[in-house]
Amino acid sequence: MSERKRTAVLISGRGSNMAALVNAAREPSFPAEISMVLSNRADAAGLAFAQEQGIATMVLSHRDYADRIAFDAALDANLRIAGIEIVCLAGFMRILTPWLVERWRNRMINVHPSLLPSFKGLDTHARALETGVRVHGCTVHFVRAEMDEGPIILQAAVPVRADDTPDTLAARVLEQEHVIYPKGLALLAAGRLQVENERTVVDGERMPRDVLVVPRV
Ligand code: GAR
């Protein structure tokens with residue numbers, strides 16, 4: 001079997017997606033190992049979980065750097081020193097410079113709580129409810145310089161209920177984030193993804209089974 005890909009997970013807060021990746025990577029056949037959890041905030045709750053799991057953690061505060069490019073250069077240097085091959089953004093609330101994104105092109109992925117390209121940015125669940133969409137969900141995608149853009153890898157569809165609040169909807173979407181993010185990392189780490197004309201191809205197929213998760217309602 002080939003080596004497991006050394007993966008860093010970048011967080012800013014709770015870290016539930018990071019925990020889902022760590023839990024999935026416990027499986028010996030999982031093609032990635034979570035080698036490092038890095039936060040831009042020392043108070044990120046997820047750091048404690050990572051430490052308990054014996055994973056190397058690092059805090060890199062953006063406040064210690066003069067500007068975005070200096071912060072991103074330090075981030076990049078630390079990832080390289082740790083021999084990282086794949087980067088997963090998991091609630092990492094920083095806009096990355098195009099320079100950093102390019103250096104990790106097609107090796108950096110993100111999870112976003114909406115069916116992209118709808119509802120980029122923050123407060124996605126409240127905005128979905130205000131708009132009256134019938135289906136909401138989440139997306140795992142390759143990272144590009146524009147926020148919440150990039151070739152889509154997987155999506156999960158979450159039907160909206162009449163009595164949903166932003167919190168109840170967020171909870172059902174989060175459950176699906178925890179399903180699709182490990183699947184997306186596994187596909188990337190196993191070398192099963194290609195990007196052609198800014199669309200993701202899985203095992204040579206544009207729309208294979210399993211890239212859309214539709215949970216039972
Ligand atoms: C998740 O819902 C993730 O999709 C979202 O932040 C939350 C982090 O939760 N990310 C974004 O909005 C990125 N644009 P977590 O810390 O428990 O994983």
Side-chain angles (χ1 to χ4, degrees), residues 7-25 32 34 36-53 55 57-60 62 68 72 75 86-98 100-101 104 108-131 133 135-158 160 164-185 188 212-213 215:
T7 301
V9 186
L10 274 48
I11 65 171
S12 297
R14 181 177 56 183
S16 72
N17 277 289
M18 175 270 295
L21 296 174
V22 168
N23 289 333
I34 308 305
M36 177 183 203
V37 172
L38 192 148
S39 172
N40 63 319
R41 300 179 55 116
D43 61 356
L47 287 171
F49 172 84
Q51 278 156 7
E52 280 161 23
Q53 306 300 308
I55 296 169
T57 59
M58 176 175 266
V59 176
L60 213 56
H62 51 274
R68 276 188 198 282
D72 281 7
L75 183 57
I86 293 176
V87 176
C88 293
L89 306 182
F92 189 60
M93 294 310 190
R94 292 278 305 166
I95 295 183
L96 301 172
T97 57
L100 186 76
V101 172
W104 290 90
M108 182 186 276
I109 59 178
N110 181 43
V111 65
H112 181 74
S114 77
L115 290 174
L116 290 173
S118 292
F119 310 120
K120 295 173 181 171
L122 299 174
D123 303 322
T124 57
H125 311 297
R127 285 157 56 215
L129 290 176
E130 266 163 34
T131 311
V133 293
V135 182
H136 186 43
C138 49
T139 304
V140 174
H141 64 97
F142 284 107
V143 174
R144 294 293 182 260
E146 302 76 29
M147 190 184 58
D148 300 326
E149 282 216 3
I152 290 168
I153 301 169
L154 290 139
Q155 292 187 308
V158 175
V160 177
D164 262 330
T165 64
D167 286 348
T168 60
L169 186 55
R172 293 205 309 290
V173 170
L174 189 65
E175 227 174 90
Q176 296 308 314
E177 292 182 43
H178 298 164
V179 172
I180 64 172
Y181 210 6
K183 281 182 195 270
L185 172 58
L188 177 61
L212 171 63
V213 173

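We count ligands from 1, going down the list as the structure has it; atoms in each ligand are counted the same way.
- By heavy-atom distance, the residue among H112, M18, R14 lying nearest atom 14 (N) of ligand 1 is H112.
- The shortest N or O to N or O distance between G91 and ligand 1 is not below 3.5 Å.
- Judged by distance alone, with hydrogens and angles left aside, the side-chain atoms of T57 form no donor-acceptor pair with the main-chain N or O of L47 at under 3.5 Å.
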Please walk me through it: do H136 and H125 pass side chain to side chain donor-acceptor pair (under 3.5 Å)?
CA-CA 8 Å; H136 186 43; H125 311 297; 2.9 Å; yes
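- At least one heavy atom of V111 sits under 4.0 Å from some atom of ligand 1.
- Residue contacts with ligand 1: M93 is included, with a non-hydrogen atom under 4.0 Å away.
- Side-chain atoms of H178 never come within 3.5 Å of backbone atoms of A19 as a donor-acceptor pair (strictly under, hydrogens ignored).
- For D43, the salt bridge (charged side-chain N to carboxylate O under 4.0 Å, His left out) partners at least two apart in sequence or on another chain are R41.
- Summary of contacts: the protein heavy atom closest to atom 11 (C) of ligand 1 is P113 CD, 3.6 Å.
- The S16 neighbourhood of ligand 1 comprises atoms 15 (P), 16 (O), 17 (O), 18 (O), with distances under 4.0 Å to a heavy atom of that residue.
- Of the possible donor and acceptor atoms, one in the side chain of T139 sits under 3.5 Å from a partner among the backbone N and O of L116.
- From the protein, the heavy atom lying nearest to atom 16 (O) of ligand 1 is G15 N, 2.7 Å.
- In terms of polar-atom proximity, defined here as any N/O pair under 3.5 Å, D148 does make such a contact with ligand 1.
- No donor-acceptor pair under 3.5 Å is formed between the side chain of R68 and the backbone N or O of R94.
- Residue E177 touches ligand 1 through its side chain alone, judged by heavy-atom distances below 4.0 Å.
- Between the side chain of T7 and the main chain of A32, no donor-acceptor pair closer than 3.5 Å is present.
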